[in-house]
2 protein chains.
Amino acid sequence: MNQQHDPRQNHLLAALTDEEYERLAPNLERVNLTLGESLAESGQAMRYVYFPTDSIVSLLCVMEDGDSTEIAVVGPEGIVGISLFMGGETTPSRAIVQSGGTAYRLKGHLLKDEFYRAGPMQRLMLRYTQALLTQMAQTAICNRHHSLDEQLCRWLLLSLDRLPTNELLMTQELIANMLGVRREGVTESAGKLQKDGLIAYHRGRITILNRAGLEERVCECYETVKQEYDRLLPYTHSGKAFLRD
Amino acid sequence: MNQQHDPRQNHLLAALTDEEYERLAPNLERVNLTLGESLAESGQAMRYVYFPTDSIVSLLCVMEDGDSTEIAVVGPEGIVGISLFMGGETTPSRAIVQSGGTAYRLKGHLLKDEFYRAGPMQRLMLRYTQALLTQMAQTAICNRHHSLDEQLCRWLLLSLDRLPTNELLMTQELIANMLGVRREGVTESAGKLQKDGLIAYHRGRITILNRAGLEERVCECYETVKQEYDRLLPYTHSGKAFLRD
DNA sequence: TTGCTTCTGTGCGCTAGCGTACAGAGCATG
DNA sequence: CATGCTCTGTACGCTAGCGCACAGAAGCAA
């Protein structure tokens, strides 16, 4: 029954060998992440890494004037805090909870210890980092070449893939922040999607009505990223299938 | 006297321990990279990794319609082919020589062997990857928020930092490809810089006349990336100082 | 010289997205 | 029920950059 709160709902934890998992498990601490909470601030050392199970975290790049853009999104398929084992300790990006829920956290040095055993877990983390890298690169090109309409679809689908439901709790204002555009632009794009019956939204609650319709309108970036996740992390089931087991 | 062709002009090779370097050195093969040459194609396995010494390589993200955008640039401070040790074998990006010159290449499996010794070299490569990640993230946000004028300055400075001279062999057409914009846009922006005496260019040859002037006009992205490289790879001298030794 | 190619400059209409301003609608709270 | 706040919708002028078209200039080749 505690299926509802098993750390191994996180795909990376699930993909560890039993031996590795047993070493980490006693130190995994369940935490509740609330919308808007910050897990990492630009330039500050992280004390913990986070393994979301049913929450989503956005990695944002912030500029001096406060403007920001999401560079990647992390859900149950990933981990927040890769800079800890990558060696930088800090990142110049922020990590903000985009969809509240549960995550398991682990003290940074414990993760590093396991990582530097240089076993299967290390390879797993590196492959995950590689997938994240692809997501960032694709975001860069998408920002340059694609319309807001397409980007909104991409964002919705990436979020949807990481959620157990069809509902997103997220205002247009926040989405605009993520995409690095004006709120009014999001209102307009989202209005089109709603008019065509693909989504319904109401004061910070977005319901996806027709996923296939979104996939028709999205730019190739979504598929590129998804395929790369599937290729690099096949046994972690980047889709929802895993959560339904 | 063979200072001119020492593999350790590459900052990563220079930062290896002598023991590590001795293991790799016999297998380092000097190659001449020519402008426009492709070192890696999207989705294809790489057989070699490359350590540029006085050349520059662009990592490009390519879309179905052929449009592309540079997501990062690699010079004597780095290595081309991180996906080999990150575990993906392939990347969805292309690697194109942006400035001809010399590099040393190494068979992929030899690099992996050394990497999975999990010694200092591994940590070095991971820190470098982290720096590259920052460059990509900053490119994403720069694409979103900054004017072509600013981006051109950023691009020029990033290239300049990786070159031994003040001269770039690069047409406006190619720069436009890198930045993912129209050639005419580059002509216009570059025209302003030339008019103000910061650069001079002539049929594919750009000379930087006033570096400080460029630094005044560039967006914060340049400095952010540079600082992160310096922080993560201090002993590899990301500026030109190293080359002057 | 002549011709061909490559590179750069310029002009013009078009569109996506920006900045700003404001209005109405839903929800919570006193 | 009145007040205030948050969220969404809409309108309008503005600008950066796009797409296209073409012209001149510089270099290469015969």
Side-chain angles (χ1 to χ4, degrees), chain A residues 34-36 63 65-70 98 140-156 167-196 198-207 217 219, chain B residues 34-36 63 65-70 98 140-156 167-196 198-207 217 219:
Chain A
T34 61
L35 181 65
M63 293 190 310
D65 65 6
D67 272 12
S68 64
T69 298
E70 182 181 86
Q98 182 198 110
I141 196 169
C142 198
N143 281 353
R144 165 68 71 206
H145 292 282
H146 297 141
S147 70
L148 179 46
D149 286 1
E150 293 173 306
Q151 292 184 46
L152 178 59
C153 290
R154 171 175 64 83
W155 190 88
L156 287 171
E167 249 188 32
L168 272 142
L169 294 176
M170 173 84 17
T171 65
Q172 300 184 349
E173 177 82 43
L174 283 175
I175 297 180
N177 263 228
M178 302 289 174
L179 296 178
V181 299
R182 277 184 327 152
R183 193 226 81 218
E184 292 87 334
V186 174
T187 300
E188 203 182 324
S189 283
K192 292 183 206 165
L193 295 181
Q194 170 148 273
K195 191 156 70 72
D196 296 348
L198 304 182
I199 65 172
Y201 59 84
H202 183 67
R203 294 186 68 75
R205 160 171 275 117
I206 305 179
T207 312
R217 300 197 182 193
C219 51
Chain B
T34 60
L35 181 64
M63 294 190 309
D65 65 5
D67 272 12
S68 64
T69 298
E70 182 180 87
Q98 182 197 109
I141 196 169
C142 198
N143 280 353
R144 166 68 71 205
H145 293 281
H146 297 139
S147 70
L148 179 45
D149 285 1
E150 292 173 307
Q151 292 184 47
L152 179 60
C153 290
R154 172 175 63 83
W155 190 88
L156 287 171
E167 249 187 31
L168 271 142
L169 294 176
M170 174 81 21
T171 65
Q172 299 182 350
E173 177 83 43
L174 283 175
I175 297 180
N177 263 229
M178 302 288 175
L179 295 179
V181 298
R182 278 185 325 154
R183 191 225 83 218
E184 292 89 331
V186 174
T187 300
E188 202 183 324
S189 281
K192 292 184 207 165
L193 295 181
Q194 170 149 269
K195 191 158 68 74
D196 297 348
L198 304 182
I199 65 173
Y201 60 85
H202 184 65
R203 294 185 70 72
R205 160 169 275 117
I206 304 178
T207 311
R217 300 196 182 196
C219 51

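Just so we're on the same page: letters track the sequence lines, and every chain starts at 1.
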Please give me every residue in residues 140-156 of chain B whose heavy atoms get under 4.0 Å of an atom in DNA chain C, ordered by residue number.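 Residues of residues 140-156 of chain B under 4.0 Å from DNA chain C: none.
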When you measure from every atom of DNA chain C, which of residues 185-193 of chain A have a heavy atom less than 4.0 Å away?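 By residue number: none to list.
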From the options D/dT8, C/dT8, C/dG9, select the nucleotide whose nearest atom is closest to the side chain of B/Gln194.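 Among the listed nucleotides, the one closest to the side chain of B/Gln194 is C/dG9.
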With a sphere of 6.0 Å drawn around CD of B/Glu167, does it hold more than 12 non-hydrogen atoms of other residues, nucleotides or ligands?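 Enclosed.
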How about CD on A/Glu184, more than 12 heavy atoms from neighbouring residues, nucleotides or ligands closer than 6.0 Å, or not?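 Counting other residues, nucleotides and ligands, CD of A/Glu184 exceeds 12 neighbours.
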For [X] and [N], what is the distance between atoms [atom1] and [atom2] respectively, to the nearest whole Å?
| X | N | atom1 | atom2 | result |
| --- | --- | --- | --- | --- |
| A/Lys195 | D/dG9 | NZ | P | 13 Å |
| A/Asn177 | C/dC18 | CG | P | 12 Å |
| A/Glu173 | C/dG19 | CD | P | 13 Å |
| A/Met170 | D/dC7 | CE | C1' | 14 Å |
| B/Arg205 | C/dT6 | CZ | P | 18 Å |

Has [X] got a side-chain atom pairing as donor or acceptor with [Y]'s backbone, closer than 3.5 angstrom?
| X | Y | answer |
| --- | --- | --- |
| A/Glu188 | A/Gly185 | no |
| A/Arg144 | B/Ser68 | no |
| B/Asp65 | B/Asp67 | yes |

Heavy atoms, side chains only, cut-off 4.5 Å: are B/Gln98 and B/Glu70 in contact?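 Yes, at least one pair of side-chain atoms sits under 4.5 Å.
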Do A/Leu198 and A/Lys192 make a side-chain contact, defined as non-hydrogen atoms from C-beta onward lying under 4.5 Å apart?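 No. Closest side-chain heavy atoms not under 4.5 Å.
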Contact summary for [X] and [Y], nearest pair of heavy atoms:
| X | Y | value |
| --- | --- | --- |
| A/Asn143 | A/Arg154 | OD1-NH2, 4.4 Å |
| B/Leu152 | B/Leu179 | CA-CD1, 4.2 Å |
| A/Cys219 | A/Cys142 | SG-SG, 3.6 Å |
| A/Ala190 | A/Gln172 | CB-NE2, 4.0 Å |
| B/Tyr201 | B/Thr187 | OH-O, 3.9 Å |

Summarise how protein sits on nucleotides 23-28 of chain C as a single string, 5' to 3': B when a protein heavy atom is under 4.0 Å from the base, S for sugar-phosphate-only contact, - for no contact. --BBS-
From [atom1] ([X]) to [atom2] ([Y]), nearest 0.5 Å:
| X | Y | atom1 | atom2 | answer |
| --- | --- | --- | --- | --- |
| B/Leu156 | B/Ile175 | CG | CD1 | 6.0 Å |
| B/His146 | B/Gln151 | NE2 | CD | 8.0 Å |
| A/Gln194 | A/Thr207 | CD | OG1 | 9.5 Å |
| B/Leu148 | B/Ser189 | CG | OG | 3.5 Å |
| A/Leu174 | A/Leu168 | CG | CG | 11.5 Å |
| B/Leu193 | B/Arg217 | CG | CZ | 5.5 Å |

Quantified as the angle between the terminal helix axes (five pairs each), what is the overall bend of the helix from C/dT1-D/dA30 to C/dG30-D/dC1 to 10 degrees?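 Here the local axes at opposite ends form an angle of 30°.
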Protein-nucleic acid N or O pairs under 3.5 Å, nucleotides 1-3 of chain D:
none

Is there any protein nitrogen or oxygen under 3.5 Å from a nitrogen or oxygen in nucleotides 19-22 of chain D, and what are the pairs?
from	atom 1	to	atom 2	distance (Å)
D/dG19	N7	B/Arg182	NH1	2.6
D/dG19	O6	B/Arg182	NH1	3.1
D/dC20	N4	B/Glu184	OE2	2.8
D/dA21	N6	B/Glu184	OE2	3.4

Side-chain N or O of A/Tyr201 closer than 4.0 Å to phosphate OP1/OP2 of D/dG9: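 A/Tyr201 to D/dG9 OP1/OP2: side-chain N or O found under 4.0 Å.
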